[in-house]
Amino acid sequence: MARRWNLPAIAMAASALTLTMLAVLPALAAEVAPAAEAAPPDADLWSMLFVFALSTFIGIGVIGRVSRLLHTPLMSLTNAISAIAVVGSILVTGSDYPVEIRMLGAIALFASMTNIVSGFLITDRMLKMFKTPTPPKTPAPAATPPDGGAR
Amino acid sequence: MARRWNLPAIAMAASALTLTMLAVLPALAAEVAPAAEAAPPDADLWSMLFVFALSTFIGIGVIGRVSRLLHTPLMSLTNAISAIAVVGSILVTGSDYPVEIRMLGAIALFASMTNIVSGFLITDRMLKMFKTPTPPKTPAPAATPPDGGAR
Amino acid sequence: MMHSIVQFAYLVASALFILALYWMNDPKTARRGVVSGAVAMGIAVLSTWALPQVVHHLWLIIAAVAGVAVGIPLSRVSLTAVPQRTALSHAFGGLAAGLVGTAKYYLWVGEGPEQLTTLRMIAIVAEIILGFLTFTGSLLAAGKLQGISWIPQRPVTFKGQNFMNLGLLGIAVALGVLLVVQPTGPWSAYAFPVIIVLALLFGVLLIIPIGGADMPTVISILNAYAGLSAVAMGFVLDNKLLIVAGALDGSSGFILSLIMCRAMNRSFTNVLFGGFGQIAAPVAGAEVRQYKSETIESATQVLEQASLVVIIPGYGMAVAQAQHRVRELYDQLVRRGITVKFAIHPVAGRMPGHMNVLLAEANIPYTDLVEMDDINRDMPQCDVALVIGANDVVNPAARNQKDSPIYGMPIIEADKARTVYAIKRSKNPGFAGIDNDLYFQDRTYMLFGDAKAVVGELVKSLAGDSGH
Amino acid sequence: MMHSIVQFAYLVASALFILALYWMNDPKTARRGVVSGAVAMGIAVLSTWALPQVVHHLWLIIAAVAGVAVGIPLSRVSLTAVPQRTALSHAFGGLAAGLVGTAKYYLWVGEGPEQLTTLRMIAIVAEIILGFLTFTGSLLAAGKLQGISWIPQRPVTFKGQNFMNLGLLGIAVALGVLLVVQPTGPWSAYAFPVIIVLALLFGVLLIIPIGGADMPTVISILNAYAGLSAVAMGFVLDNKLLIVAGALDGSSGFILSLIMCRAMNRSFTNVLFGGFGQIAAPVAGAEVRQYKSETIESATQVLEQASLVVIIPGYGMAVAQAQHRVRELYDQLVRRGITVKFAIHPVAGRMPGHMNVLLAEANIPYTDLVEMDDINRDMPQCDVALVIGANDVVNPAARNQKDSPIYGMPIIEADKARTVYAIKRSKNPGFAGIDNDLYFQDRTYMLFGDAKAVVGELVKSLAGDSGH
Ligand SMILES: NC(=O)c1ccc[n+]([C@@H]2O[C@H](COP(=O)([O-])OP(=O)(O)OC[C@H]3O[C@@H](n4cnc5c(N)ncnc54)[C@H](OP(=O)(O)O)[C@@H]3O)[C@@H](O)[C@H]2O)c1
Ligand SMILES: NC(=O)c1ccc[n+]([C@@H]2O[C@H](COP(=O)([O-])OP(=O)(O)OC[C@H]3O[C@@H](n4cnc5c(N)ncnc54)[C@H](OP(=O)(O)O)[C@@H]3O)[C@@H](O)[C@H]2O)c1
């Protein structure tokens with residue numbers, strides 16, 4: 001049977017596209033409209049892209065090493081970490097902004113808080129279940145030599 | 001015998017100190033002298049620190065996994081990579097700066113170029129020596145199934 | 001000054017998040033990872049709160065307390081409900097990102113057009129599209145997984161569906177581009193909410209055609225989207241901590257879905273395009289073959305004589321919530337000096353690592369949970385392979401039947417054991433919808449019934465034996 | 001526009017540098033790593049050169065060509081000279097960083113004091129101190145390793161040395177702080193060059209008290225410093241690529257020196273404080289024990305009868321340049337159907353991975369180079385352990401002599417083999433300056449002589465045997 005188009009793939013493509021836009025358009029735009037009329041100091045796009053790229057490398061490296069045993073807790077842990085959106089929510093809710101805007105922020109804050117609390121708690125709850133039969137003795141070196149070789 | 005002070009340790013401590021200064025002083029200084037008189041847009045210290053911290057994490061993760069077989073080539077490869085100072089050298093040498101300054105840049109460029117060329121070449125020369133007895137056949141999966149399961 | 005302190009706090013929090021994930025590489029250090037993550041989050045919250053621009057505290061406190069109040073019960077769900085909780089949580093994450101993006105947009109519209117720089121607008125558009133589609137998509141996924149009655153469980157497909165959806169997304173993106181180019185045109189007041197509506201709609205349409213069984217992979221992708229929307233928020237707010245944490249989350253989601261795909265020997269596209277979750281067509285034209293059913297008593301006797309028993313749990317054990325019974329069985333067998341190992345297939349169940357958590361919940365030491373490749377070496381020495389509600393992960397067709405949809409998937413080689421007992425409720429196939437030769441082979445005996453009940457009877461029978 | 005393209009190129013180059021190091025995890029992909037690194041460097045050079053502010057091309061071309069002209073011969077040095085080449089190269093790296101920092105400072109002084117922001121000044125001071133101390137330190141280290149006659153090989157120490165050095169460094173740092181606080185005071189024209197001179201001096205003083213044998217660890221630390229000075233340059237120029245590459249380099253240097261320390265079972269501080277490279281006091285008060293010397297002929301006979309021969313190379317093989325003879329020996333033995341393995345201790349020789357490169361140079365397949373932990377499992381089955389110029393790494397005192405300076409260091413357990421032949425020139429001890437019980441045990445026979453000569457004779461003798 002021929003391949004059928006399916007949505008997740010489309011969605012992925014779309015998000016890839018969006019991210020590329022994110023990277024390239026501002027550069028072009030900056031070219032088209034040089035130094036927008038006294039705008040806020042344009043946040044440093046390239047710093048952010050560097051930070052993004054480097055964190056992605058770290059993520060790939062670190063996640064690839066997570067024990068298979070713990071993939072379910074890992075999902076809930078990253079879930080809790082993605083609630084970092086709380087930072088934005090706090091800024092929007094707590095600043096001196098119009099009420100309607102702060103309301104949106106409050107809902108976002110509520111949602112993120114829920115994720116933080118439930119995410120970390122359930123991860124810990126799951127991890128507590130992983131037990132070894134005997135208390136895990138780390139194989140201690142035969143006896144650490146006293147300061148090996150300072151004569 | 002009592003521990004003796006030794007220089008590498010001192011040097012390490014000093015460089016740690018210097019880096020800490022690097023991190024903290026500007027912040028304080030910014031406080032003391034808010035918005036220096038129409039200075040160049042102060043490079044974003046915090047972006048740079050993020051990039052530094054993240055790259056260090058990556059470095060630790062990646063270097064820790066390098067095969068022991070290859071530690072000597074690794075040393076010469078990182079050596080070549082540290083010649084990235086070439087970027088600064090080019091900027092100093094090639095810009096429209098006073099001659100004495102460009103002269104310093106040219107020496108730096110010469111030094112970095114030497115490192116780049118010799119570093120990559122010698123690494124490759126060493127790596128070429130590492131041979132398997134038979135041409136390395138990657139264990140191919142018994143026969144890749146035709147597109148596993150698209151019905 | 002405060003600004004620098006907060007930036008420093010963000011840097012520390014980023015490092016702690018990385019360490020949190022790093023420590024998950026070993027069950028021994030994993031709880032330290034959770035602590036590290038929680039501390040990082042605490043630092044992030046408190047230092048943000050301490051910023052001078054945060055001046056209204058009442059709402060913050062109310063929203064935070066409400067969040068905690070809802071979060072605590074959500075963390076107490078039973079372990080079988082973990083997939084839906086995760087999905088729900090992604091929904092919340094997406095919602096938060098979408099709302100912050102919306103708030104920022106209207107705020108900047110109010111403050112004046114020069115605030116809407118190109119970078120900000122692109123990031124906002126990315127944030128709200130990703131955020132809101134994650135919101136409805138995950139909500140629907142959670143509903144499907146929870147089995148809420150008015151949500152169709154079966155995949156809903158219709159002709160032209162994909163083109164329609166693609167069209168919708170295309171419109172949303174096109175509007176987004178317009179907004180970026182001209183953030184304050186007269187029509188932009190309309191364009192922005194339209195994008196939101198389209199994203200919400202798209203999230204629903206994204207999940208409708210996916211069967212319950214492919215859900216875990218999709219949830220993992222949604223996890224990645226939630227992470228990416230946090231990244232986008234980081235670009236909007238010029239906040240590196242958001243970028244770091246979001247990127248960690250995003251890569252985690254993508255890698256986990258890749259791992260699942262690999263363990264099913266399906267390409268990423270195949271999962272997304274293959275329509276696995278759809279109509280499991282009954283295998284036509286096959287001769288009707290015979291299962292050998294067996295009684296609890298004789299199974300008990302064989303088990304008692306074994307010296308190595310390998311238990312292979314699968315999705316059936318999870319739905320039947322049989323893990324505590326399995327623990328009792330384990331105890332009974334171990335008491336008799338029998339070596340008992342659990343063979344854990346990477347995609348047994350419906351979530352990566354699903355079996356591990358369940359068995360850990362029942363206090364089975366994780367050192368007895370053996371990964372597929374390791375246990376397969378021992379299978380020829382295995383006296384009894386006890387398959388509890390697993391099906392696809394022990395199907396030898398994956399090894400020797402070229403035309404099978406699961407051909408090439410690595411399996412647990414239960415068929416190499418001296419005797420196989422298989423617990424399931426009926427003659428129905430598993431997730432992949434195909435017959436399993438294992439059940440027809442000479443040395444396999446079926447124990448029909450609910451996993452919890454059957455294992456319970458086995459335990460009782462063994463206990464009775466040892467009693468007299 | 002150009003700016004964005006260059007930034008993008010820098011991002012790509014950063015990723016390629018990371019991949020370059022990542023690919024070093026396996027000899028199969030390692031050359032791809034070099035290509036990736038070289039491409040990244042090419043991108044970095046060309047895109048920088050393409051920046052609009054780069055207007056003078058002649059000097060660039062001259063300097064680059066000169067660099068290439070010197071670099072090519074430097075890459076052709078013999079493998080035993082690799083440590084000095086590496087040190088020399090660090091010297092160049094440090095010099096480049098220091099000069100760029102100096103140039104930038106004077107440039108900004110000329111352009112006006114408002115250019116000398118606090119951040120820039122701190123970074124410049126860090127860059128020049130690190131850069132120039134790396135320069136002279138590495139230069140001296142290279143000279144010591146090369147054995148240049150007018151450079152003292154033995155560690156030079158004197159009373160109060162450290163306090164003097166600390167004082168010098170303190171003055172340099174204090175001046176640096178002054179410069180940061182008041183970048184254009186009337187005295188700053190003097191302070192800056194004084195800092196440079198102090199850093200140059202400090203580099204020399206840093207290396208003088210270190211013996212040739214601890215050099216590899218110190219070189220690795222200097223590598224880290226070279227990386228850190230590149231990082232500082234990144235802060236000066238607001239260039240993330242420099243920060244990334246420098247940080248990679250810095251962590252590599254620190255980790256390699258840590259690995260060396262661990263393999264010697266010495267703490268970092270112990271290496272730096274322990275004075276290992278100093279006077280190797282002759283072991284006093286020990287009864288004079290007897291070595292059993294043996295002839296080439298009888299060794300040949302025993303080797304011919306063996307079925308597993310483990311060759312343990314050490315520093316002696318490296319200085320004797322015996323690797324090609326060893327390859328011939330390997331061929332002779334393998335031709336007889338004897339299994340030959342090489343036992344590679346992580347700190348055998350004078351550089352991490354030293355033995356691997358030498359043996360690889362002699363075309364010995366790297367699959368026969370076995371790491372310490374793996375080979376130790378096979379040692380009891382080993383018929384002949386042939387120790388070629390190794391000493392400390394096979395010293396059983398590390399295992400069973402609590403008061404030995406190398407106690408606790410993991411070793412290759414040659415003493416467990418059925419027979420041991422040891423090739424060395426004399427009765428002198430190895431790097432750690434202590435006697436080796438292995439040479440006195442019953443089953444050990446010495447083959448005194450230069451490694452290259454002795455192995456050559458073994459080969460001739462074996463070839464003669466197979467000839468008739
Ligand atoms: N783990 C993941 O991350 C993941 C993700 C996506 C897809 N998947 C897919 O899910 C499948 C997992 O394989 P699996 O072997 O674990 O499960 P499976 O192939 O779905 O088979 C489950 C078996 O359990 C039986 N069962 C159901 N309820 C039961 C109950 N209450 N008591 C006893 N038996 C019961 C079913 O038979 P009856 O109906 O006859 O009882 C069925 O044969 C694989 O195909 C995998 O590709 C997994
Ligand atoms: N690899 C690294 O990264 C590194 C770094 C720092 C320190 N180290 C230290 O270096 C030592 C390395 O141990 P090792 O066993 O390889 O070397 P070693 O302990 O230094 O012994 C080398 C032996 O080779 C002999 N030898 C020297 N020249 C020879 C020649 N031309 N022909 C034959 N024999 C010769 C010497 O004895 P004769 O003089 O009697 O011939 C000596 O006993 C360790 O102590 C380690 O801690 C290594």
Side-chain angles (χ1 to χ4, degrees), chain B residues 3 5-10 14 18 22 26 29 39 42-43 45 51-52 55-56 59-60 62-63 65-66 69-72 74 78-79 81-82 84-85 87-88 90 92-96 101 104-106 108-115 117-118 120-124 126-127 129-130 132-133, chain D residues 21-22 24-25 27 30-31 34 38 48 53-56 59-60 63-64 66-68 70-71 74-75 89 92-93 95-97 99-100 103 107 114 118-119 122 126 162 165-166 169 206 226-227 230 233 238 240 243-245 247-249 251-252 255 272-273 352-353 356-357 360-361 365-366:
Chain B
R3 291 242 162 118
W5 283 93
N6 198 308
L7 293 170
I10 298 171
T18 325
L22 208 71
D42 207 12
L45 167 71
V51 170
F52 179 48
S55 320
T56 306
I60 292 172
V62 169
I63 300 289
R65 278 193 260 187
V66 169
L69 268 183
L70 301 181
H71 274 168
T72 299
L74 173 68
T78 53
N79 192 216
I81 291 179
S82 80
I84 189 67
V87 167
I90 292 178
V92 171
T93 317
S95 297
D96 204 3
I101 286 176
L104 294 179
L109 178 55
F110 162 76
S112 322
M113 258 309 175
T114 313
N115 277 358
V117 172
S118 69
F120 285 117
L121 284 182
I122 202 169
T123 311
D124 196 53
M126 283 192 262
L127 289 176
M129 294 168 181
F130 285 86
T132 38
Chain D
L21 293 180
Y22 172 74
M24 291 295 280
N25 67 0
R31 290 189 67 196
V34 177
T48 308
Q53 74 223 63
V54 176
V55 289
H56 297 292
W59 287 24
L60 285 177
V68 173
V70 174
L74 262 181
S75 75
S89 175
F92 282 4
L95 178 67
L99 288 179
V100 170
L107 177 73
E114 74 283 357
T118 311
L119 171 60
I122 293 178
N162 291 313
N165 297 333
L166 192 63
L169 187 66
L206 193 68
M233 192 194 289
D238 189 13
K240 271 101 202 167
I243 299 179
V244 173
L248 291 176
D249 198 38
S251 29
S252 164
I255 288 181
L272 301 177
F273 291 78
N356 299 303
V357 209
E361 185 197 12
Y366 65 78

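What you see below is based on every heavy atom in this structure, not just the backbone, and it leaves out hydrogens, waters and symmetry mates. The chains referred to below are lettered A, B, ... by the order of the sequence lines, with proteins before strands, and numbering in each begins at 1.
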Undergrad: Between D/Val357, D/Asn356, D/Val55, D/Val100, which has the largest tally of heavy atom pairs under 4.5 Å with chain B?
TA: D/Asn356
Undergrad: Count the heavy-atom pairs under 4.5 Å between each of B/Ala108, B/Gly94, B/Ser95 and chain D, then report the option with the highest count.
TA: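 Heavy-atom pairs under 4.5 Å are most numerous for B/Gly94.
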Undergrad: Return the NZ to CZ distance between D/Lys240 and B/Phe52, rounded to the nearest 0.5 Å.
TA: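 Rounded to the nearest 0.5 Å, the NZ-CZ separation comes out at 14.5 Å.
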Undergrad: With a 4.5 Å cut-off on heavy-atom pairs, point out which of B/Val87, B/Asp96, B/Asn115 contacts chain D the most.
TA: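 Answer, by heavy-atom pair count under 4.5 Å with chain D: B/Asn115.
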Undergrad: Just give me the residue among B/Ile60, B/Val62, B/Ile90 that pairs up with chain D most often, heavy atom to heavy atom, under 4.5 Å.
TA: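 Greatest number of close heavy-atom pairs with chain D: B/Ile90.
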Undergrad: Measure across B/Ser118 and D/Leu74 and return the closest heavy-atom pair with its distance rounded to 0.1 Å.
TA: CB-CB, 3.8 Å
Undergrad: Is B/Val92 in contact with chain D via its backbone, its side chain, both, or neither, using a 4.5 Å heavy-atom distance?
TA: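 For B/Val92, side-chain heavy atoms alone lie under 4.5 Å from chain D.
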Undergrad: With a 4.5 Å cut-off on heavy-atom pairs, point out which of B/Asn79, B/Val66, B/Thr123 contacts chain D the most.
TA: B/Asn79
Undergrad: Ignoring hydrogens, what is the shortest heavy-atom contact between D/Ala245 and B/Ile81? Give both atom names and the distance.
TA: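 Where D/Ala245 meets B/Ile81 most closely, the heavy atoms are CB-CG2, 3.9 Å.
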Undergrad: Below 4.5 Å, heavy atoms only, C-beta onward: do D/Trp59 and B/Leu109 meet side chain to side chain?
TA: no
Undergrad: Please report the C-alpha distance between D/Leu21 and B/Leu74 in whole Å, then the side-chain angles of each, then the deciding distance to 0.1 Å, and finally whether the side-chain contact (heavy atoms from CB on, under 4.5 Å) criterion is met.
TA: CA-CA 8 Å; D/Leu21 293 180; B/Leu74 173 68; 3.8 Å; yes
Undergrad: Give the C-alpha distance, both sets of side-chain angles, the deciding distance and a yes or no for side-chain contact (heavy atoms from CB on, under 4.5 Å) between B/Phe110 and D/Val70.
TA: CA-CA 9 Å; B/Phe110 162 76; D/Val70 174; 3.6 Å; yes
Undergrad: For D/Met24, is it the side chain, the backbone, both, or neither that has a heavy atom closer than 4.5 Å to a heavy atom of chain B?
TA: both
Undergrad: Out of B/Thr93, B/Leu121, B/Ile63, which one racks up the most heavy-atom pairs below 4.5 Å with chain D?
TA: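 The residue among B/Thr93, B/Leu121, B/Ile63 with the greatest pair count is B/Ile63.
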Undergrad: For D/Leu60, which atoms come within 4.5 Å of any heavy atom of chain B: side chain, backbone, both, or neither?
TA: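 Looking at D/Leu60, backbone and side chain both touch chain B.
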Undergrad: Just so I understand: if I count every heavy-atom pair under 4.5 Å between each of D/Ser75, D/Ser251, D/Ala64, D/Ala66 and chain B, which residue has the most?
TA: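 Sorted descending by pairs with chain B, the first entry is D/Ser75.
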Undergrad: Working to the nearest 0.5 angstrom, can you tell me the gap between D/Asp249 CG and B/Ile84 CD1?
TA: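 It comes to 10.5 Å.
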Undergrad: Between D/Gly353 and B/His71, which heavy-atom pair has the shortest distance, and what is it?
TA: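 Reported closest heavy-atom pair: N-CB, 4.1 Å.
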Undergrad: Closest heavy-atom contact between D/Met233 and B/Gly88?
TA: SD-CA, 3.9 Å
Undergrad: If I take atom OH from residue D/Tyr366 and atom CE from residue B/Met129, how far apart are they, to the nearest 0.5 angstrom?
TA: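 Rounded to the nearest 0.5 Å, the OH-CE separation comes to 15.5 Å.
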Undergrad: Rounded to the nearest 0.5 Å, how far does CG of B/Leu69 lie from CG of D/Asn25?
TA: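 Atom-to-atom, D/Asn25:CG and B/Leu69:CG are 11.5 Å apart.
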Undergrad: Give the minimum heavy-atom separation between B/Thr78 and D/Ser252, together with the two atoms involved.
TA: CG2-OG, 3.1 Å
Undergrad: List the atom of B/Phe120, the atom of D/Ala38, and the distance in Å for their closest heavy-atom pair.
TA: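 Between these two residues, the closest heavy atoms are CE2-N, 3.4 Å.
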Undergrad: Between atom CD1 of B/Ile101 and atom CG of D/Leu107, what is the distance when rounded to the nearest 0.5 Å?
TA: 4.5 Å
Undergrad: At a heavy-atom separation under 4.5 Å, does D/Ala30 approach chain B through its side chain, its backbone, both, or neither?
TA: both
Undergrad: Between D/Ala230, D/Gly227, D/Ser89, D/Ala247, who has the most heavy-atom pairs with chain B when the cutoff is under 4.5 Å?
TA: D/Ser89
